[in-house]
Chemist: 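Let me begin by handing over the structure; questions about it come next.
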Amino acid sequence: MSARRSAMFLSAVALAAALAAPAAAPAQDEPETDAGAAEEAAPAAAPAGARSATSAPPMAVPADFGGSLQVVRAPAGTASAAASGGGPEIFPDARRVWMSVRDTDPVPIEAARRGGRWLCSGGGCAAQTGDPGQSPIGDQILRSIKLQTPTLPLPLTVWGRLSEDGQRLLDFDPVLLGRRSYRHVCAYRPVAPVDEATRSPAGAPGGPAAPPRGNVDRVDVCRDGRPEPPPPDAGELTLGMQWPKQSEMADFHYLAIVDSCGNARVQPFQRTFTVPVLEVASGACGRPDGKVLRVFPGGGWLRVTAFNLHEPAAGNVVNATYRVTIPPLENLVESNPARLLFPDPLADDLKVDCGPTPIAPRADPGSAPPPGSARPPGPTGPAAAPPGGRAPPRAAAGQPRGGPGTPPAGARQGPTAAAPTAAQGGLPPPPQGGLPPPRRAPGADPSRPGPQPLAHGAVVISPAPLRLGNCRIRLTGQTKHRLVAPLALHVSLTRTDQLRGGAPIELLQDGTWIVTPSSAEFPLPPLAEDFDGDARLRLAVHSDPLSPQGKVVLLSDAGRVASSLRSSDAGDPERARRLVGSVAIHSVPLCGEDNFETLEAAGSCFRAYLTVPAMLATLQITRAPWVEKPLVTRSVLSAVGVALAIDRYDPVERRAFPVAAQLGGFVQTLGEGRVGLLGYVGVAPTVPILGSGGNTTSFGFLAGIGLEYITNEAGPDEGLKPAAFLSAVVQVGQAAPQVSTSRSASFGTYAGD
């Protein structure tokens with residue numbers, strides 16, 4: 001019985017301890033309780049992540065915060081923390097950073113940041129500092145870095161793939177892409193400390209005073225403005241993060257991500273979450289604004305803090321902070337660094353141009369940046385240092401010097417410094433840098449001959465520029481100015497109206513095109529072999545992402561070739577190519593200008609050519625009706641002539657208008673020793689009976705009027721008399737000049753309508 005009573009007593013004690021354990025957590029909100037005794041009894045040399053058994057909640061796997069930068073616990077366990085007054089902040093450096101709050105109510109967070117009531121506002125919390133350096137646990141929070149653009153269907157991973165040895169690698173450098181605008185994001189200013197002498201908040205220099213700490217009477221909701229529509233090449237970097245698994249049992253409510261430039265983003269707590277960031281290509285932070293977090297090409301770090309406002313997590317943990325290392329977004333160490341991403345050319349950026357004479361290099365009107373526009377993102381050259389030896393601070397990419405909200409240098413001039421305008425009789429202000437003002441090129445008319453885009457359309461051209469090698473392809477557009485590394489493209493020119501071995505004939509032996517900052521043109525070589533005056537060609541430009549000569553990958557190719565670029569066994573370069581732009585070329589000798597023109601402008605034109613008509617039968621008036629009779633004479637196979645024919649021809653359809661105008665002459669045998677020389681203006685059919693295209697051999701009727709000079713072998717000459725005729729004729733002619741081995745050509749000309 002004694003042993004049974006002892007067992008019952010021990011069971012009752014254990015049951016009472018189990019029932020009393022959950023009730024200790026709510027009592028920790030009151031600083032007067034004795035729940036901190038267990039913390040005082042803990043050894044002083046214990047690490048920040050170590051937790052005593054008495055402070056742990058009754059959970060199967062207690063949360064572990066090993067490797068954290070700081071852990072805030074409640075209630076305070078040391079006298080120094082209790083005497084600190086307001087206690088720790090809701091997350092580190094909350095008073096010195098700009099804060100934007102996403103997807104949750106910002107009012108309680110901003111009120112607590114100003115000194116309002118929250119769990120640690122009474123000074124009953126203690127902050128335990130861990131290892132301030134880099135920790136593997138904190139670095140493992142960052143899982144991936146992805147890139148998203150309006151033209152990219154799925155986010156592209158630029159960092160996070162594992163190599164063969166398990167190391168994460170940088171696949172692509174996004175420095176050449178555009179930057180998405182975050183000006184619409186609303187952020188709270190840092191909380192200014194209170195000046196004890198005046199009891200007023202110390203305002204931030206250069207701007208309105210920040211709200212003082214302790215002023216929680218009015219906290220307005222910070223509302224975002226209307227976002228700007230992003231351009232097609234605007235890239236948004238997103239960090240994919242995962243809270244450490246060893247501390248996932250903690251019940252946190254918020255996450256605060258703080259960069260090294262004084263910007264913070266607060267959002268609801270999730271174990272896996274994403275954070276948008278802006279890559280600052282210039283290497284400087286600029287003025288903080290809290291709109292977006294900044295990262296740098298050379299790497300950096302972020303602080304990720306999970307925190308609560310009113311309930312402790314993991315027993316008595318209020319917040320926990322980890323230091324997360326951001327890897328470099330540029331690779332300057334490896335012999336084969338990550339390739340740079342470049343936006344895809346637009347439909348009008350690739351153009352083909354030809355002319356009757358060699359074309360001198362010239363700047364495309366659409367490729368020059370507009371005056372006063374911001375410099376596109378990308379590496380910048382060293383700037384001259386001002387007097388004193390100190391270089392001026394560089395602003396963030398996409399922002400003017402001085403940070404957001406600062407007007408450009410030309411806009412900071414006051415009314416007294418403004419130059420007189422042209423309307424006031426003054427001269428226009430001189431351009432920056434002493435350069436002449438750029439000339440505005442006249443707008444190009446797409447219906448007239450000129451450079452044509454490789455927008456998968458069709459154009460018409462005379463064969464002469466192609467034979468002489470006076471054609472070239474240009475890469476234009478404003479994005480070309482960002483290109484600071486070689487971009488590999490492949491050009492193909494095939495003849496499609498004739499086949500060789502069942503495949504189109506390739507006219508270019510080497511189509512490799514390496515686009516560099518100083519050379520963005522590809523000259524087409526002179527075409528001689530397998531090319532004549534009437535041909536159908538297809539000019540195509542492909543991307544070549546696996547070319548060893550290129551260091552830039554177009555954005556649309558990155559997802560397909562990422563594994564091949566990192567693999568030791570590179571893939572097939574030809575299979576990795578992608579069509580970027582193409583155009584069908586109709587090379588015809590009888591229509592169009594020497595330069596390219598569209599099918600709409602060259603769909604039909606006038607052509608002139610020589611033809612030889614032979615009269616089979618003629619009904620003709622040879623004598624003046626008021627002088628002599630008979631009026632009608634008949635002859636069969638009695639006349640042969642030559643004429644200049646003019647008709648309307650469609651080179652694309654290779655079809656002429658059925659009727660042509662003629663200006664020519666005949667030699668006729670009129671019988672009875674008479675011979676007539678007839679000059680006429682008439683009309684005749686052009687429907688060919690042999691061949692097509694330039695072949696004008698036809699059968700039909702020829703009608704005309706003119707003057708005829710008649711001579712007579714047996715009697716006196718009849719002289720010059722009016723004549724009209726209608727004949728059945730066979731006409732033999734060739735309107736399309738064909739080049740032979742002797743480099744000669746038959747007669748032909750054209751004139752665009």
Side-chain angles (χ1 to χ4, degrees), residues 347 350 352 354 452-469 471-473 488-513 522-549 554 556-557 560-561 564 570-592 596 598-599 602-603 649-656 688-695 697 734-741 743 745:
L350 283 171
V352 59
C354 290
Q452 298 297 325
L454 273 68
H456 312 291
V459 295
V460 179
I461 192 176
S462 170
L466 294 173
R467 289 197 184 101
L468 298 176
C471 298
R472 63 190 62 207
I473 308 173
L489 300 174
H490 183 78
V491 181
S492 65
L493 181 61
T494 57
R495 182 168 183 176
T496 58
D497 59 340
Q498 293 185 8
L499 302 179
R500 177 180 297 168
I505 302 175
E506 179 61 47
L507 301 180
L508 288 182
Q509 299 299 328
D510 184 12
T512 302
W513 181 16
F522 180 84
L524 296 178
L527 302 182
E529 186 179 358
D530 298 325
F531 177 74
D532 52 37
D534 194 353
R536 299 296 182 264
L537 310 177
R538 184 176 184 267
L539 179 64
V541 176
H542 296 78
S543 62
D544 200 358
L546 297 184
S547 173
Q549 304 179 49
L554 296 181
S556 298
D557 297 325
R560 298 185 299 106
V561 302
S564 300
D572 186 6
E574 295 185 2
R575 298 186 61 182
R577 293 170 183 168
R578 178 181 59 88
L579 181 64
V580 177
S582 66
V583 64
I585 300 175
H586 300 268
S587 174
V588 293
L590 301 178
C591 191
F596 281 112
T598 60
L599 293 182
Y649 181 69
D650 187 347
V652 180
E653 300 292 338
R654 303 186 182 185
R655 183 174 56 193
I689 59 174
L690 296 175
S692 62
N695 191 330
T697 303
Q734 180 60 253
Q738 300 291 334
V739 178
S740 63
T741 55
R743 310 296 295 179

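Predicted model only: the values in this text are computed from it and were never measured. Numbering starts at 1 and runs along the sequence shown.
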Chemist: Quick one: are R578 and V561 in side-chain contact, heavy atoms under 4.5 Å?
Modeler: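 Not touching, per the 4.5 Å side-chain cut-off.
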
Chemist: Which residues pass the side chain to side chain donor-acceptor pair (under 3.5 Å) test with T512, sequence neighbours left out?
Modeler: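 Expected list: D510.
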
Chemist: How would you list, by chain and number, every residue that makes a side chain to side chain donor-acceptor pair (under 3.5 Å) with H586, sequence neighbours excluded?
Modeler: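 For H586 the side chain to side chain donor-acceptor pair (under 3.5 Å) partners, ignoring immediate neighbours, are R536.
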
Chemist: Checking side-chain contact (heavy atoms from CB on, under 4.5 Å) for the pair I461/C471: CA distance, chi angles, key distance, verdict?
Modeler: CA-CA 11 Å; I461 192 176; C471 298; 4.2 Å; yes

Chemist: For the residue pair S543 and L554, what are the closest heavy atoms and their distance?
Modeler: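 In this case the closest contact between S543 and L554 is CB-CD1, 3.9 Å.
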
Chemist: Return the set of residues passing side-chain contact (heavy atoms from CB on, under 4.5 Å) with A455 (not counting sequence neighbours), or none when no residue passes.
Modeler: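 With sequence neighbours excluded, A455 shows a side-chain contact (heavy atoms from CB on, under 4.5 Å) to A347, P453, given in chain and number order.
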
Chemist: Under the rule for salt bridge (Lys or Arg N to Asp or Glu O under 4.0 Å), what residues qualify as partners of D497, not counting sequence neighbours?
Modeler: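 D497: salt bridge (Lys or Arg N to Asp or Glu O under 4.0 Å) contacts with R495, R654.
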
Chemist: Where is the tightest heavy-atom contact between P573 and L546, given as atom of each residue plus distance?
Modeler: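 Taking P573 first and L546 second, the nearest heavy atoms are CA-CB, 4.1 Å.
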
Chemist: Taking atom CG of L507 and atom CZ of F531, what is their separation to the nearest 0.5 Å?
Modeler: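 So the gap between those two atoms works out to 8.0 Å.
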
Chemist: Can you sort out the partners of S582 under side-chain contact (heavy atoms from CB on, under 4.5 Å), two or more places apart, ordered by chain and number?
Modeler: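 With neighbours one apart ignored, the set is H456, R538, A540, L579.
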
Chemist: When rounded to the nearest 0.5 angstrom, what is the spacing between CG in L493 and CD1 in I505?
Modeler: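 Going from the CG atom of L493 to the CD1 atom of I505 covers 11.5 Å.
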
Chemist: What is the distance from atom CD of Q452 to atom SG of C354, rounded to the nearest 0.5 Å?
Modeler: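 Nearest 0.5 Å value for the CD-SG distance: 10.5 Å.
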
Chemist: What residues form a salt bridge (Lys or Arg N to Asp or Glu O under 4.0 Å) with R577, not counting sequence neighbours?
Modeler: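 Partners of R577 under the salt bridge (Lys or Arg N to Asp or Glu O under 4.0 Å) test: D544.
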
Chemist: Checking R560 now: which residues fulfil salt bridge (Lys or Arg N to Asp or Glu O under 4.0 Å) with it, not counting sequence neighbours?
Modeler: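 With sequence neighbours excluded, R560 shows a salt bridge (Lys or Arg N to Asp or Glu O under 4.0 Å) to D557, given in chain and number order.
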
Chemist: Under the salt bridge (Lys or Arg N to Asp or Glu O under 4.0 Å) rule, collect the residues that match up with R500, sequence neighbours excluded.
Modeler: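 Here the qualifying residues are D530.
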
Chemist: So V352 and V459, do their side chains get closer than 4.5 Å, heavy atoms only?
Modeler: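 No - every pair of side-chain heavy atoms lies 4.5 Å or more apart.
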
Chemist: Can you list everything that forms a side chain to side chain donor-acceptor pair (under 3.5 Å) with S492? Sequence neighbours excluded, please.
Modeler: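 With sequence neighbours excluded, S492 shows a side chain to side chain donor-acceptor pair (under 3.5 Å) to no residue whatsoever.
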
Chemist: Return the set of residues passing side-chain contact (heavy atoms from CB on, under 4.5 Å) with A584 (not counting sequence neighbours), or none when no residue passes.
Modeler: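 Testing A584 for side-chain contact (heavy atoms from CB on, under 4.5 Å), a comparison that skips the adjacent residues, returns A458.
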
Chemist: Kindly compute the distance separating CG (L539) from CG (L508), expressed to the nearest 0.5 Å.
Modeler: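 Between atom CG of L539 and atom CG of L508 there are 8.0 Å.
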
